[in-house]
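Since the structure comes first, as structure tokens, the remarks are kept for the end.
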Amino acid sequence: MEPCSCDTFVALPPATVGNRIIFGKNSDRPDDEVQEIVYFPGKCYEAGEKLECTYIEIEQVKQTFAVVLSRPSWLWGAEMGANEFGVCIGNEAVWGKEDIGNEEALLGMDLVRLGLERGRTAEEAVDVIVSLLDQYGQGGNCNEDTAQFLYHNSFLIADRKEAWILETAGKFWAAEKVEEGIRNISNSLSITTKIDREHPKTRPHARNNSWWDGVQEFNFAGAYSWHYPSKSSSHGDRYCEGYKLLKKHNGNMTAEAMMEILSNKRSGINMEGSFRTTGSMVSILSQDPNQPCCHFFTGTPDPSRSVFKPFIFAPQIQQLLKTASPSFGLDDPVKQIPRFQTRPDRRHELWRKHESVLENMGKEMLGKMKNLEKQKLKEVESILNGDVDPASLALLFPNSVEEEIKIYG
């Protein structure tokens with residue numbers, strides 16, 4: 001399978017408006033894969049309990065945090081999501097010199113969810129991911145098909161105060177702290193010489209493989225990848241195109257501007273073809289602890305022809321039924337050995353409705369969709385400014401989904 005992936009972005013003050021951090025991601029996946037939006041409350045567990053991830057079982061922790069996830073509907077983990085403390089994570093597929101095995105371990109998408117369920121801050125999520133990477137490793141087919149799709153992972157992790165880039169090559173990794181300005185990742189290693197944390201054997205392993213001479217300043221991407229992001233600024237790839245779009249909004253970045261970036265087709269950020277953008281997410285992370293964080297999800301392909309709908313953590317949130325795919329339990333082909341011998345229909349109600357109009361969507365319908373999106377952005381601004389009925393927050397996302405479905409008829 002061709003190396004196609006996603007794009008994840010973050011903007012921090014002074015690049016943003018209103019003392020906020022803005023996070024955004026497009027999930028680019030096979031064009032026939034369904035992406036769902038699901039909510040899981042925090043929960044306490046007994047000592048010794050186990051957790052079944054996509055392929056393997058691991059030790060459960062005593063307490064997990066509430067999460068909202070955008071994920072391929074066949075797996076346990078997530079492409080992107082947020083937790084109740086305002087931590088957001090998105091991952092990318094990356095390839096390089098380190099061999100990629102086909103042994104089943106934790107998927108990068110499993111690590112996204114685990115970081116959110118167990119990390120109160122962005123750096124805590126980094127700790128969670130690298131600890132699990134060391135203990136269980138990463139690996140397994142990332143495609144709902146008998147054809148193998150294998151990769152290592154990079155992560156962009158943000159909270160109300162800062163962001164971290166975490167990039168991996170097998171069990172080796174490097175992390176870069178982002179405290180201001182703009183940053184993005186795509187499907188190539190991008191950490192060069194600014195390394196704030198790393199696996200203790202990252203440099204020795206590179207030295208032993210003659211990827212680094214031990215004399216020059218250590219460059220993680222330079223050592224572990226075949227492709228230098230720092231040398232690609234004139235090549236027009238998505239990593240560089242994404243940075244150009246961020247730079248265009250530098251100083252006035254808002255959630256709406258991030259939605260525009262994710263919707264951009266000319267740059268390839270909004271992907272079309274056998275791999276396409278199957279779901280998108282934008283988050284507003286206020287640095288004011290008295291304001292809630294807000295997370296917008298499409299739950300449908302092509303953000304330029306979808307509606308970003310707001311979700312805010314609140315008491316009494318129920319499962320998001322109209323964006324949740326059917327569950328097949330132990331009969332699911334992903335649970336059977338050999339895996340993926342059949343493929344069930346995983347489309348949720350919103351996906352079905354959107355799919356029925358996507359190819360013949362006219363200007364009138366698209367106008368109604370984008371007007372709804374603008375209404376929701378305005379509504380969120382009122383909420384962030386304190387004009388809110390707390391009881392209504394639990395219904396903010398489900399009601400938005402209902403309004404969108406009505407547009408499709």
How close do [X] and [Y] get, counting heavy atoms only, and between which atoms?
| X | Y | value |
| --- | --- | --- |
| P72 | R29 | CG-NE, 3.8 Å |
| P301 | S306 | O-OG, 2.7 Å |
| L262 | I269 | CA-CG2, 4.1 Å |
| L393 | A314 | CB-CB, 3.6 Å |

Polar contact flag, side-chain donor to acceptor under 3.5 angstrom, [X]-[Y]:
| X | Y | value |
| --- | --- | --- |
| S382 | N385 | no |
| Q35 | S27 | yes |
| N219 | T192 | no |
| W164 | E162 | yes |

Value rounded to 0.5 Å, distance of [atom1] in [X] from [atom2] in [Y]:
| X | Y | atom1 | atom2 | value |
| --- | --- | --- | --- | --- |
| W76 | L106 | CH2 | CG | 8.5 Å |
| Q148 | N143 | CD | CG | 9.0 Å |
| D31 | S274 | CG | OG | 6.5 Å |

Of M258, M281, E373, M259, the residue whose pairing with F296 passes side chain to side chain contact (heavy atoms under 4.5 Å, CB included)
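Answer after filtering M258, M281, E373, M259: M259.
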[X] (side chain) donor-acceptor with [Y] (main chain) under 3.5 angstrom:
| X | Y | answer |
| --- | --- | --- |
| N141 | A147 | yes |
| K25 | C6 | no |
| H249 | N252 | no |
| S400 | L396 | yes |
| T298 | T300 | yes |
| W95 | I100 | no |
| K309 | E404 | no |
| N83 | G86 | yes |
| R160 | S286 | yes |
| T54 | L75 | no |

Ion pair present between [X] and [Y], side-chain N to carboxylate O less than 4.0 angstrom?
| X | Y | value |
| --- | --- | --- |
| K50 | E52 | no |
| R238 | D7 | yes |
| E176 | R183 | yes |
| K161 | D159 | no |
| R120 | E124 | no |
| R118 | D127 | no |
| R339 | E144 | no |

side-chain hydrogen bond (donor to acceptor under 3.5 Å, both in side chains) partner of T168, the single match among H199, Q138, H152
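Among H199, Q138, H152, the one meeting side-chain hydrogen bond (donor to acceptor under 3.5 Å, both in side chains) with T168 is Q138.
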From the options K376, K368, Q375, select the one residue that forms a side-chain hydrogen bond (donor to acceptor under 3.5 Å, both in side chains) with E403.
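It is K376, the one option of K376, K368, Q375 that forms the side-chain hydrogen bond (donor to acceptor under 3.5 Å, both in side chains) with E403.
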Can R20 and E381 be said to form a salt bridge (charged side-chain N to carboxylate O under 4.0 Å, His left out), step by step?
CA-CA 12 Å; R20 298 167 174 176; E381 285 301 323; 2.9 Å; yes
Going by side-chain hydrogen bond (donor to acceptor under 3.5 Å, both in side chains), name the residues that satisfy it together with [X], two or more places apart in sequence or in a different chain.
| X | answer |
| --- | --- |
| H295 | S283 |
| E117 | R113 |
| D302 | K265, N270, S304, R305 |
| E167 | S190 |

For a side-chain contact (heavy atoms from CB on, under 4.5 Å) check, start with the C-alpha distance between I284 and V380, then their side-chain angles and the critical distance, and finish with the verdict.
CA-CA 10 Å; I284 301 172; V380 165; 4.3 Å; yes
What verdict does the side-chain contact (heavy atoms from CB on, under 4.5 Å) test give for M369 and L372, after you've listed the backbone C-alpha separation in whole Å, the side-chain angles of each residue and the deciding distance to 0.1 Å?
CA-CA 5 Å; M369 293 164 62; L372 175 60; 5.8 Å; no
Can you sort out the partners of W74 under ring pair (Phe, Tyr, Trp, His ring centres under 6.0 Å), two or more places apart, ordered by chain and number?
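With sequence neighbours excluded, W74 shows a ring pair (Phe, Tyr, Trp, His ring centres under 6.0 Å) to F340, given in chain and number order.
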Which residues pass the ring pair (Phe, Tyr, Trp, His ring centres under 6.0 Å) test with Y55, sequence neighbours left out?
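If we apply the ring pair (Phe, Tyr, Trp, His ring centres under 6.0 Å) test to Y55, skipping adjacent residues, there are no hits.
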Would you please indicate if the ring centroids of Y224 and F220 are separated by under 6.0 Å?
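Distance test on ring centres: under 6.0 Å, yes.
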Ring centres under 6.0 Å, that's the criterion: do F308 and F297 meet it?
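Not close enough - the centres of the two rings lie 6.0 Å or further apart.
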Any side-chain heavy atom of [X] sitting closer than 4.5 Å to one from [Y]?
| X | Y | answer |
| --- | --- | --- |
| E98 | K171 | no |
| N91 | M80 | no |
| E59 | Y136 | yes |
| P292 | I383 | yes |

Using the ring pair (Phe, Tyr, Trp, His ring centres under 6.0 Å) rule, take F85 and F65 through it: C-alpha gap first, then chi angles, then the decisive distance, then the call.
CA-CA 8 Å; F85 297 104; F65 308 132; 4.8 Å; yes
Checking K62 against E49 for the salt bridge (charged side-chain N to carboxylate O under 4.0 Å, His left out) test, could you report, in this order, the C-alpha distance in whole Å, the side-chain angles of both residues, the deciding distance, and whether it holds?
CA-CA 9 Å; K62 291 182 179 179; E49 287 197 51; over 6 Å; no
From CA spacing to verdict: salt bridge (charged side-chain N to carboxylate O under 4.0 Å, His left out), D332, R346:
CA-CA 11 Å; D332 197 308; R346 301 186 187 274; 2.7 Å; yes
